[in-house]
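Structure, as structure tokens:
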Amino acid sequence: MKYFHLIWAALFRRKARTFFTLVSILAAFLLFGMLDATRKAFDSGDSVIGVDRLITTSRYSIITSLPVSLETQMKAIPGVKDVGFSNWFGGIYQDPKNFVLSFAVSDNYFDIYHEIQLSPEQRKAYETTRTGAIVGAALAKRFGWKVGDKIPLQSTIFPQRNGDKTWPFDIVGIYTAAPGAANGTDQQFFFHHKYFEDANAFQSIGTTVGWYALRLNSANDADRVAKAVDALSANSDHETKTQTEQAFNASFAKQIGDIGLIVTAIMGAVFFTLILLTANTMAQAVRERTSELAVLKTIGFSSHSVLYMVLAESVLLLLIGGVLGLGLAGGLVPIVAKGSGGMLNLPPVGSQTWMLGLVLMLVIGAIVGALPAIRAMRLNIVDALAGR
């Protein structure tokens with residue numbers, strides 16, 4: 001640290017060049033923070049809640065319905081504790097940009113999804129209200145909803161039997177998500193599947209459901225139960241695909257694309273370009289200071305001291321730009337999430353992202369500073385002062 005003033009002076013010797021390099025580093029780590037938040041928004045694998053659940057969908061497509069008769073057969077399989085079902089609704093509130101993650105669910109759905117925490121009074125009100133709906137606390141806060149409100153949701157898919165696509169609902173409960181629940185759990189909207197069946201122009205009452213959710217006695221039974229469930233519909237016109245909840249969520253997200261691969265590819269290209277840019281900056285900076293570095297050696301600085309000073313300059317350049325970029329990402333992520341109208345439920349830039357970002361800053365700083373630092377260390381004093 002005793003040479004920090006020399007490192008700082010060298011770093012800002014060419015202020016314009018340093019400024020534009022810092023802007024490039026800031027932009028790279030801003031993009032890194034935003035994309036990592038996007039990746040985490042589509043990744044539910046970190047949640048340990050739900051390891052005792054299986055999801056059964058049509059083997060052919062998630063939008064293909066399954067017969068309701070499968071429920072009784074699934075419950076008879078050893079190891080199955082409970083079976084519920086749900087259907088995608090695709091609601092919009094007031095404006096097309098106000099997308100609501102909404103589902104028609106069976107009456108026992110909240111016994112299976114125990115991370116959805118609802119008071120007994122609100123649960124009872126939900127069970128006795130035909131048009132009743134419960135919403136996540138984050139979703140309610142977003143739209144200013146409260147218990148007792150009557151709200152309309154327009155379905156993007158399902159009209160009512162009278163042809164109207166606007167469905168009326170009564171908010172009878174606002175739930176919270178248990179600690180450790182998957183990202184976005186408190187951003188959902190649930191209502192009675194029976195109401196959905198009765199009013200839906202496309203639905204035959206009591207005949208089909210969207211998909212099944214099975215709660216198991218033990219997560220260790222998952223593979224055996226999954227095979228038994230799929231065997232029920234083998235060689236029929238409604239063959240099923242049963243998988244863990246984490247696998248189901250991952251496959252659902254991959255309908256958009258492999259988010260992890262996309263993020264990795266983009267960031268690989270960004271950081272490769274950043275290495276070339278900052279390496280060029282450091283090479284120019286050291287080349288311009290050849291005589292100055294020779295003077296430092298002349299007055300007693302060791303070759304290793306010069307090496308460490310150039311490396312420190314490179315790492316400091318990355319740290320300043322990177323920290324500013326990640327800090328800006330931390331401020332922009334909630335703004336982008338709010339502006340998406342619920343389409344992107346981005347988590348905040350957390351400690352894991354910061355730790356990975358700091359490691360990248362240090363590694364890239366060491367990489368781009370290595371060659372200039374070695375060149376400075378091997379500098380011959382006589383040749384450098386002579387301009388050779």
Over 60° means perpendicular and under 30° means parallel, so classify the ring planes of F85 and Y212, tilted if in between.
perpendicular
Under a 3.5 Å distance rule, please check whether R161 uses its side chain to pair with a backbone N or O of D198 as donor and acceptor.
yes
Looking at every heavy atom in both Y93 and I151, which two are closest together, and how far apart are they?
CE1-CB, 4.1 Å
What heavy-atom pair brings P152 and T166 nearest, and what distance separates the two atoms?
CB-CG2, 3.5 Å
Out of curiosity, K124 NZ to L118 CG, how far, rounded to the nearest 0.5 Å?
14.0 Å
ILVMFWY cluster, L277 and F272 together (side-chain gap under 4.5 Å)
no
Could you pull out the closest heavy-atom pair between H193 and A104, with the gap in Å?
CD2-O, 3.6 Å
Assigning hydrophobic clusters by single linkage (Ile, Leu, Val, Met, Phe, Trp, Tyr; side-chain heavy-atom cutoff under 4.5 Å), is L101 placed with Y113?
yes
Minimal heavy-atom distance between M74 and V83, with the atoms involved, is CB-CG2, 3.9 Å
Measuring from L54:CG to T244:OG1, what's the distance to the nearest 0.5 Å?
7.0 Å
Please round to the nearest 0.5 Å and tell me the distance separating atom NE2 of H114 and atom CZ of R53.
5.0 Å
For the residue pair F191 and L153, establish whether any side-chain heavy-atom pair is separated by less than 4.5 Å.
no
Kindly assign one of parallel, tilted or perpendicular to the pair F190 and Y109, based on the angle between their ring planes and the thresholds 30° and 60°.
tilted
Parallel, tilted or perpendicular, judged at 30° and 60°: which one describes the rings of W167 and F89?
perpendicular
Is there a path of hydrophobic side-chain contacts, each under 4.5 Å between heavy atoms of I/L/V/M/F/W/Y residues, joining M267 to L276?
no
Side-chain touch V333/M34, heavy atoms, less than 4.5 angstrom:
yes
About how many Å separate CG of L30 and CG of L35, when rounded to the nearest 0.5 Å?
9.0 Å
Can you find a pair of side-chain heavy atoms, one from V310 and one from M282, that are under 4.5 Å apart?
yes
Is the gap between the ring centers of Y126 and F110 under 6.0 Å?
yes
When rounded to the nearest 0.5 Å, the distance separating CH2 of W211 from CD1 of I55 is 8.5 Å
L22 side chain near L324 side chain, heavy-atom distance below 4.5 Å:
no
Roughly how far, to the nearest 0.5 Å, is CZ of R59 from OG of S233?
11.0 Å
V135 and A140: which non-hydrogen atoms are nearest, and at how many Å?
CG2-CB, 3.8 Å
Report yes if some heavy atom in the side chain of I134 is under 4.5 Å from a heavy atom in the side chain of Q122; otherwise report no.
no
Using every non-hydrogen atom in the two residues, find where R142 and F99 come nearest and quote the distance to one decimal.
NH2-O, 3.0 Å
Have T353 and D36 got a donor and an acceptor in their side chains that come within less than 3.5 Å?
yes
Verify the neighbour count for atom CZ of F12: are there more than 12 heavy atoms of other residues, nucleotides or ligands below 6.0 Å?
yes
Please confirm whether the backbone N or O of S65 pairs with a side-chain atom of T208, one donor and one acceptor, at under 3.5 Å?
no
Short N-O contact, K81 and D111, less than 4.0 angstrom:
no
Do I335 and F29 sit in the same hydrophobic cluster, where Ile, Leu, Val, Met, Phe, Trp and Tyr count as joined when their side-chain heavy atoms come under 4.5 Å apart?
yes
Just so I know, are the side chains of L318 and L362 near enough to count as touching, which here means a heavy-atom distance under 4.5 Å?
no
Between D52 and R215, is the salt bridge (charged side-chain N to carboxylate O under 4.0 Å, His left out) condition met? List the steps.
CA-CA 6 Å; D52 60 344; R215 187 175 178 185; 3.5 Å; yes
With no hydrogens and no angle check, is any side-chain donor or acceptor of T129 less than 3.5 Å from a backbone partner on G132?
no
Dump the intermediate steps for side-chain contact (heavy atoms from CB on, under 4.5 Å) on T240 and L70, then the final yes or no.
CA-CA 10 Å; T240 60; L70 283 175; 4.1 Å; yes
Just wondering, more than 12 heavy atoms not from Y60 lying within 6.0 Å of its OH?
yes
Non-hydrogen side-chain atoms of E239 and D230 separated by less than 4.5 Å
no
Ring centroids only, cut at 6.0 angstrom: are W145 and F169 within range, meaning strictly under it?
no
Full working for side-chain contact (heavy atoms from CB on, under 4.5 Å) between I116 and Q188:
CA-CA 10 Å; I116 296 175; Q188 301 179 57; over 6 Å; no
Note, L31 side chain near I266 side chain (heavy atom, < 4.5 Å):
yes
Between R13 and E313, does a salt bridge (charged side-chain N to carboxylate O under 4.0 Å, His left out) hold up when you go through it step by step?
CA-CA 12 Å; R13 188 170 183 269; E313 179 184 339; over 6 Å; no
Flag yes if L328 and F19 sit in one hydrophobic cluster, no otherwise; membership is Ile, Leu, Val, Met, Phe, Trp, Tyr, and two members link when side-chain heavy atoms are under 4.5 Å apart.
no
Identified side chain to side chain contact (heavy atoms under 4.5 Å, CB included) counterpart of M361 within the set I25, L319, L316, V315
L319
